[in-house]
Amino acid sequence: MRSVEDQLIKVTAAAVAPRPVRVAISEAQGLLCAEDVVTERALPGFDQAAIDGYAVRSVDVTAAGVDVRDEEGELIDLTLPVVGEVVAGSRQPIRLQPRQTVRVDTGAPMPTLADAVLPVDFTDGGRARIKVFEPVRSGDYVRRVGDDVQPGDVAVRAGTIIGAVQVGLLAAVGQDKVLVHPRPRLSVISIGGELIDIDRTPGPGQVYDVNSYALAAAARDAGADVNRVGIVSADPRRLRDVVEGQLVRSEVVVIAGAVGGWASDQVREALDGLGELEVDRVAMHPGSVQGFGRLGRDEVPTFLLPANPVSALVVFEVMVRPLIRIALGRRQPMRRIVSARTITPITSMPGRKGYLRAQLLRDEATGDYLVQPLGSSNAGSSHLLATLAEANSLIVVEPEDTDFRTGDEVQVAFLAQRG
């Protein structure tokens, strides 16, 4: 049997990233930026009030809060006239004169000569005249031109995953489009004479097509743009036509139900002559029997997966997902792996790398990871989809390791986290 590591080398070597494309920033979320976005504008583009308050010259309020009294011993308040108001979005320039103030809203342009904003709490909140209780320094509560981004700065760097903050920053500097690494297009096909779609009622010997739905979802989670072809007849002529059609529109093709039994021979016949394709036994459990090759004029990576949905999903997780992540331009295509202590004993199949369904937990007292295997690790339980649905991780067991006692340390790979 071929080792998992050798099979992964073969698979990931076939990863081809689609050419970068320029898309609207509203469509760029989750994709990898393919360029350094250099801004031509300052952010903010003008001096603006950072809070609601009163724009002032800081030198006019330095005496605020100082105990100054008149000849009769009465406390003298520092007061300023309010000579106007500037709201956010105002285009009318205002010039502030000495010992005057202008009421301003957050985001409003600062009046000429004003160099600070008095928070409302520093005053009595007057409309025509204010008493000033505390001073401010020059620049206090003011967003200066270019405080955030200066012209010529790189707003978003190549290799950055574009999320909500990056989309917001691109919008803030007036960038409506951005060059990104697009999602690789992936087609999912299910074959099997026993399969029916979920909108029908199964008859004797029939089962629902789980694989095309589950694998399509897994591919979307990995970042692919997915075409779920659904059930296709294993008739060699029909299957060849469908596969050839998907090869010209996809960067990856996944065919489930294509290894083991009579289906394997029909698939081989259908795909004969389209390119290099091998069905191998890989030293892993579940999903040891799997196929991979490069088909069509563009040598599209094509996977043949087991009919068993759990086995198909595990093979997808181990083999197909890394290829998708590499095609997306991700530097770390593999899942994060942590060490965890076992809550119960674990047994794995000898001679194969095990991927055992599990719940990963945290010890509240120590912060250590704990792991609880779900279901049995024996060959007869690999079809149990419900336990995989409960799993948030996979215990990864090397081929030479078979038995772990409670409290032993094992390696655990994260799956998608629940929100």
Does the pair Met284 and Gln7 meet the rule for a side chain to side chain contact (heavy atoms under 4.5 Å, CB included), with working shown? CA-CA 11 Å; Met284 62 178 286; Gln7 184 75 352; over 6 Å; no
Checking Arg362 against Tyr369: charged group under 6.0 Å from the ring centre and within 45 degrees of the axis? yes
For Phe316, is the NZ or CZ atom of Arg321 found under 6.0 angstrom from the centre of its six-membered ring and inside 45 degrees of the ring axis?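 No; the conditions do not both hold, so Arg321 does not lie above the ring face of Phe316.
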Smallest heavy-atom separation, Pro333 atom then Pro322 atom, equals CB-O, 3.7 Å
Of all heavy-atom pairs linking Ala55 and Leu96, the shortest is O-CD2, 3.9 Å
Under the salt bridge (Lys or Arg N to Asp or Glu O under 4.0 Å) rule, what do Glu400 and Arg352 come out as? Steps first, then yes or no, please. CA-CA 8 Å; Glu400 62 273 15; Arg352 299 188 190 183; over 6 Å; no
Chi angles and distances behind the side chain to side chain donor-acceptor pair (under 3.5 Å) call for Arg357, Thr387: CA-CA 7 Å; Arg357 292 151 278 184; Thr387 55; 3.0 Å; yes
Does any non-hydrogen side-chain atom of [Y] lie less than 4.5 Å from one of [X]?
X	Y	value
Asp225	Pro184	no
Gln290	Asp280	no
Arg405	Pro345	no
Ile198	Tyr213	yes
Gln166	Val37	no

Evaluate Tyr54 against Val136 for side chain to side chain contact (heavy atoms under 4.5 Å, CB included), listing each step before the verdict. CA-CA 11 Å; Tyr54 301 90; Val136 287; over 6 Å; no
Only pairs at least two apart or in different chains count here, so list each side-chain hydrogen bond (donor to acceptor under 3.5 Å, both in side chains) that has a residue in residues 13-30.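 Passing the test, one end in residues 13-30: Arg22-Glu35.
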Just do the salt bridge (Lys or Arg N to Asp or Glu O under 4.0 Å) check on Asp408 and Arg341 with the steps written out, would you? CA-CA 5 Å; Asp408 282 351; Arg341 290 184 286 110; over 6 Å; no
Neighbour count above 12 (heavy atom, 6.0 Å) for Lys177 NZ: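 Counting other residues, nucleotides and ligands, NZ of Lys177 stays at 12 neighbours or fewer.
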Neighbour count >12 (heavy atoms, 6.0 Å) for atom CZ, Arg129: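 Correct, the count exceeds 12.
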Yes or no on side chain to side chain contact (heavy atoms under 4.5 Å, CB included) for Leu295 and Leu271, after CA distance, side-chain angles and deciding distance? CA-CA 8 Å; Leu295 303 184; Leu271 305 184; 4.0 Å; yes
From CA spacing to verdict: side chain to side chain donor-acceptor pair (under 3.5 Å), Ser250, Arg185: CA-CA 5 Å; Ser250 307; Arg185 298 168 299 173; over 6 Å; no
So, Phe122 versus Phe133, ring centres under 6.0 angstrom or not?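 So the answer is no for these two rings.
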Salt-bridge contact Arg41-Asp148 (side-chain N to carboxylate O under 4.0 Å):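 No, Arg41 and Asp148 are not salt-bridged.
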Salt-bridge present (Asp60, Arg99; N to O < 4.0 Å): no
Using the rule given for side chain to side chain donor-acceptor pair (under 3.5 Å), can you reason through Ser339 versus Gln411, listing the C-alpha separation, both sets of side-chain angles and the distance that settles it, and then say yes or no? CA-CA 5 Å; Ser339 295; Gln411 299 300 295; 3.0 Å; yes
From CA spacing to verdict: side chain to side chain donor-acceptor pair (under 3.5 Å), Asp209, Ser190: CA-CA 7 Å; Asp209 168 29; Ser190 276; 2.8 Å; yes
For Asp52 and Tyr141, test the side chains for any donor-to-acceptor distance below 3.5 angstrom and give the result as yes or no.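 Note: Asp52 and Tyr141 side chains miss the donor-acceptor criterion.
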Side-chain donor-acceptor contact under 3.5 Å, Ser58 with Ser138: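 Side-chain D/A pair, Ser58 to Ser138: absent.
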Would Gln246 and Ile189 count as a side chain to side chain contact (heavy atoms under 4.5 Å, CB included) here? Give the steps. CA-CA 9 Å; Gln246 298 309 310; Ile189 299 169; 4.3 Å; yes
Evaluate salt bridge (Lys or Arg N to Asp or Glu O under 4.0 Å) for Glu278 paired with Lys10, printing each intermediate quantity in order. CA-CA 11 Å; Glu278 294 182 359; Lys10 178 181 176 181; 2.9 Å; yes
